[in-house]
Amino acid sequence: MDKQHFYFNLSPAELVEHALSNNEGTLTDVGGLMADTGKYTGRSPKDRFIVEDELTKNTIWWGDINIPISEEHFDSLHEKMLHHMQSRKIYARDAYAGADSRYKLNIRVYNTLAWHNLFCYNMFLRPSKEDLKDFEPNFTILCAPEFEANPETDGTRGKNFAILNLSKRVILIGGTAYAGEIKKGIFSVLNFILPHQEKVLSMHCSANMGKKGDTAIFFGLSGTGKTTLSADPDRKLIGDDEHGWTNNGVFNFEGGCYAKVIDLTREKEPEIWDAIKFGAIVENTRFFPETRAVDYTNREVTENTRTAYPLNHIENAIEPPLGTIPKNIFFLTADAFGVIPPISKLNPGQAMYHFISGYTAKVAGTEMGISEPQATFSACFGAAFLPLHPTQYADLLGKKMKAQEVNVWLVNTGWTGGAFGVGSRMKLKYTRAMISAALEGKLVSVDYVQHNIFGVSIPQSCPKVPEEILNPRDTWKDQLAYDLKAQELAEAFQHNFEQYTEYASDEIISGAPKI
């Protein structure tokens with residue numbers, strides 16, 4: 001390859017210069033690089049494959065999420081991509097994933113876009129100059145958005161693809177410029193390696209640490225408040241998306257944050273707002289007319305507008321991003337049925353069951369065709385990135401929860417006093433007060449009652465929270481209507497869980513709601 005067209009471990013400033021020179025993006029008024037991802041403004045789950053071979057054929061959870069592709073198709077595409085990249089500018093980078101040195105994964109990535117290489121600089125952990133001297137990659141990524149597959153000969157569904165070869169330790173990405181495919185590819189790799197080989201629980205969650213060194217973990221699907229509730233000015237941020245849990249503590253997989261910015265304001269998300277400066281990337285956003293100021297309300301391209309920035313752009317981030325053994329874990333759900341208590345404590349069986357369920361609800365207006373609340377489930381709060389069966393992750397959660405005496409809480413940030421359209425959204429100040437009380441140990445000695453259907457333990461008092469909202473049934477004018485709605489939601493849980501029953505232990509099944 002012509003050395004004049006090969007750029008290795010460039011600095012952020014150099015990558016920004018290249019991106020601008022290549023017409024890959026535009027600088028915003030605060031110095032961020034605005035870039036478009038083209039046709040694909042999000043991941044394409046149906047076009048993500050795992051090579052089926054001796055290592056994977058009996059270990060991967062094959063199905064709609066993990067779609068197999070043959071070794072022959074991978075090898076052919078790999079050779080074609082290498083040939084294609086010979087004639088392109090290449091931006092290469094050494095980085096790693098996993099802040100715990102015992103489990104870190106050395107990565108070498110080859111990009112045909114400078115801004116993608118800047119994305120990798122921001123999102124992965126950055127080796128020191130000393131580390132780079134004898135750096136040996138454990139995994140290699142080739143990402144060439146302009147390279148397209150031929151579905152008729154390459155075994156893909158369309159022209160775009162993301163393929164993981166866990167034996168050869170190579171990821172191929174082509175036909176899409178959505179940068180999230182790069183980071184989620186490595187997350188999927190770690191979700192295979194760590195629980196399967198190292199007995200480390202990999203988690204799709206945010207994490208922070210209090211002044212006394214107490215670590216908290218927050219799980220939750222989109223719209224549940226995960227980012228808002230974990231961004232606490234009185235606590236240090238470990239990370240906002242991907243972590244591992246060992247026998248010694250929690251560690252971030254990443255060196256940056258990849259946050260949604262639709263409707264972003266300084267008032268709502270000051271940490272994210274201030275993190276968008278030189279070196280940060282904003283994706284698929286648009287400017288106010290005749291300015292270089294980003295209009296974060298603009299949905300012209302997509303609702304999935306995002307920013308990528310290194311952790312050191314966050315003032316209260318911990319570096320290196322390592323935490324202690326977690327004291328409290330929060331499962332966040334925006335229950336639009338008004339059934340789930342605003343906070344409740346889970347025993348190990350319930351924790352494993354709700355972890356596998358990964359419940360929240362969509363409401364009218366969030367997606368086309370939704371007019372009534374709709375239950376949504378995503379195993380382990382991140383089904384799209386789980387190469388192994390969800391029960392393997394849940395079993396690890398249960399073992400660690402018991403061995404390390406961790407409290408697990410189910411928190412409803414959704415509706416109270418009735419379902420969506422009748423009741424009202426839980427006030428953020430009350431949710432914050434309940435989480436603070438759990439973190440400070442103020443819910444240890446209060447009285448609890450069991451929910452009559454879900455069986456979870458509901459505290460009967462909580463500082464700075466009205467007692468009348470703690471029991472959801474009591475907030476409904478028609479309590480019989482509540483019982484019927486609770487039965488309806490319990491049936492949805494049970495129906496969803498049927499796909500996992502064959503591999504679930506008796507303890508996990510004991511955590512199911514009772515109809």
Side-chain angles (χ1 to χ4, degrees), residues 5 7 12 15-28 32-49 77 80-85 87-93 109-124 141-151 154 156-164 171-188 222 256 258-262 264 276 280-287 292 294-309 368 384:
H5 295 93
Y7 306 96
L15 289 168
V16 169
E17 288 176 356
H18 276 263
L20 296 174
S21 176
N22 298 341
N23 294 316
E24 295 174 13
T26 310
L27 281 184
T28 73
L33 179 69
M34 189 171 83
D36 279 0
T37 63
K39 178 181 177 181
Y40 295 95
T41 58
R43 290 184 314 101
S44 185
K46 298 298 182 186
D47 298 299
R48 180 262 211 182
F49 304 89
L77 262 175
K80 289 178 188 177
M81 282 192 77
L82 289 172
H83 179 73
H84 165 83
M85 293 174 82
S87 60
R88 312 286 299 194
K89 284 184 180 180
I90 299 298
Y91 298 91
R93 176 160 305 282
V109 58
Y110 298 95
N111 302 109
T112 56
L113 293 177
W115 83 263
H116 271 185
N117 204 247
L118 178 61
F119 177 89
C120 294
Y121 174 88
N122 287 348
M123 294 311 305
F124 296 129
I141 304 170
L142 274 62
C143 181
E146 73 288 342
F147 176 85
E148 296 180 336
N150 181 346
D154 293 329
T156 57
R157 190 179 70 120
K159 295 179 179 180
N160 63 305
F161 57 89
I163 305 175
L164 280 60
I171 298 175
L172 305 180
I173 300 170
T176 173
Y178 182 66
E181 294 282 13
I182 302 171
K183 96 180 202 93
K184 289 305 184 187
I186 289 296
F187 185 40
S188 297
S222 180
Y258 192 39
K260 289 184 179 180
V261 293
I262 196 70
L264 177 70
I276 302 173
I281 298 166
V282 283
E283 288 181 356
N284 299 317
T285 53
R286 288 295 178 264
F287 296 130
R292 287 291 180 264
V294 177
D295 175 8
Y296 289 111
T297 66
N298 190 299
R299 290 161 164 76
E300 181 182 325
V301 181
T302 178
E303 289 253 347
N304 190 35
T305 52
R306 287 184 175 267
T307 179
Y309 51 83
M368 293 289 289

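Using a 4.0 Å cut-off between charged side-chain N and carboxylate O, Arg286 and Asp36 make a salt bridge. Checked for salt-bridge contact, Asp47 and Arg157 meet the test: a charged N lies under 4.0 Å from a carboxylate O.
One finds the OG1 atom of Thr297 at 7.0 Å from the CD1 atom of Ile262 (value rounded to the nearest 0.5 Å). Note that the CD atom of Glu303 and the CG atom of Asn298 stand 10.5 Å from one another [nearest 0.5 Å]. Interatomic distance, Ile276 CD1 to Met34 CE, rounded to the nearest 0.5 Å: 12.0 Å. Between atom OG1 of residue Thr285 and atom CZ of residue Arg306 there is a gap of 13.0 Å, rounded to the nearest 0.5 Å. Atoms OH and CD1, on Tyr309 and Ile281 in that order, are 12.5 Å from each other to the nearest 0.5 Å. Here the straight-line distance linking atom CZ of Phe49 with atom CG of Leu172 works out to 12.0 Å at 0.5 Å rounding.
For the pair Ser44 (side chain) and Lys46 (backbone), a donor-acceptor distance under 3.5 Å is absent. Put simply, the side chain of Asn117 never gets that close to the backbone of Asn111: no donor and acceptor are under 3.5 Å apart. Thr307 places no side-chain N or O within donor-acceptor distance of the main-chain N or O of Ala259, the cut-off being under 3.5 Å.
Exactly one residue among His18, His116, His5 makes a ring pair (Phe, Tyr, Trp, His ring centres under 6.0 Å) with Tyr91. That residue is His18.
No side-chain heavy atom of Arg93 sits less than 4.5 Å from a side-chain heavy atom of Phe124. Side-chain contact between Phe119 and Leu33 is absent, with no heavy-atom pair separated by less than 4.5 Å. In this structure, Thr176 and Lys39 have side chains that are not in contact, with every pair of non-hydrogen atoms separated by 4.5 Å or more. Within the 4.5 Å cutoff, the side chain of Arg43 has no heavy atoms near those of the Arg48 side chain. At a threshold of 4.5 Å between non-hydrogen side-chain atoms, the residues Tyr7 and Leu15 do not count as touching. Between Thr28 and Phe287, some side-chain heavy-atom pair lies under the 4.5 Å cut-off.
Across Tyr40 and Gly175, no two heavy atoms sit closer than the pair CE1-O, 3.5 Å. Here the closest heavy-atom approach between residue Ala114 and residue Asn22 is recorded as CB-ND2, 4.3 Å. Listed here is the closest heavy atom pair of Tyr121 and Pro12: CE2-CG, 3.3 Å. Nearest heavy-atom pair across Cys120 and Ile182 is SG-CG2, 3.9 Å. Closest non-hydrogen pair, Ala162 versus Ile173, comes out as CB-CG1, 4.3 Å.
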Exercise answer: donor-acceptor pairs, residues 141-149 side-chain atoms, under 3.5 Å, sequence neighbours excluded:
residue	atom	partner	partner atom	Å
Glu146	OE1	Thr112	OG1	2.9
Glu146	OE2	His84	NE2	2.6
Glu146	OE2	Thr112	OG1	3.4

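With hydrogens and angles left out, the side-chain atoms of Thr37 and Asn284 include a donor and acceptor closer than 3.5 Å.
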How far apart are the C-alpha atoms of Leu77 and Thr156, what are their side-chain angles, what is the distance that settles it, and do they pass the side chain to side chain contact (heavy atoms under 4.5 Å, CB included) test?
CA-CA 10 Å; Leu77 262 175; Thr156 57; 4.1 Å; yes
Would you sort out whether Tyr110 and Arg88 count as a side chain to side chain donor-acceptor pair (under 3.5 Å), showing the intermediate values?
CA-CA 11 Å; Tyr110 298 95; Arg88 312 286 299 194; over 6 Å; no
Pair Tyr178, Lys184 - check side chain to side chain contact (heavy atoms under 4.5 Å, CB included), show working.
CA-CA 11 Å; Tyr178 182 66; Lys184 289 305 184 187; over 6 Å; no
Check step by step if side chain to side chain contact (heavy atoms under 4.5 Å, CB included) holds for Leu27 and Val16.
CA-CA 9 Å; Leu27 281 184; Val16 169; 4.0 Å; yes
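Enclosure of atom NZ in Lys80 by more than 12 non-hydrogen atoms of other residues, nucleotides or ligands within 6.0 angstrom is indicated.
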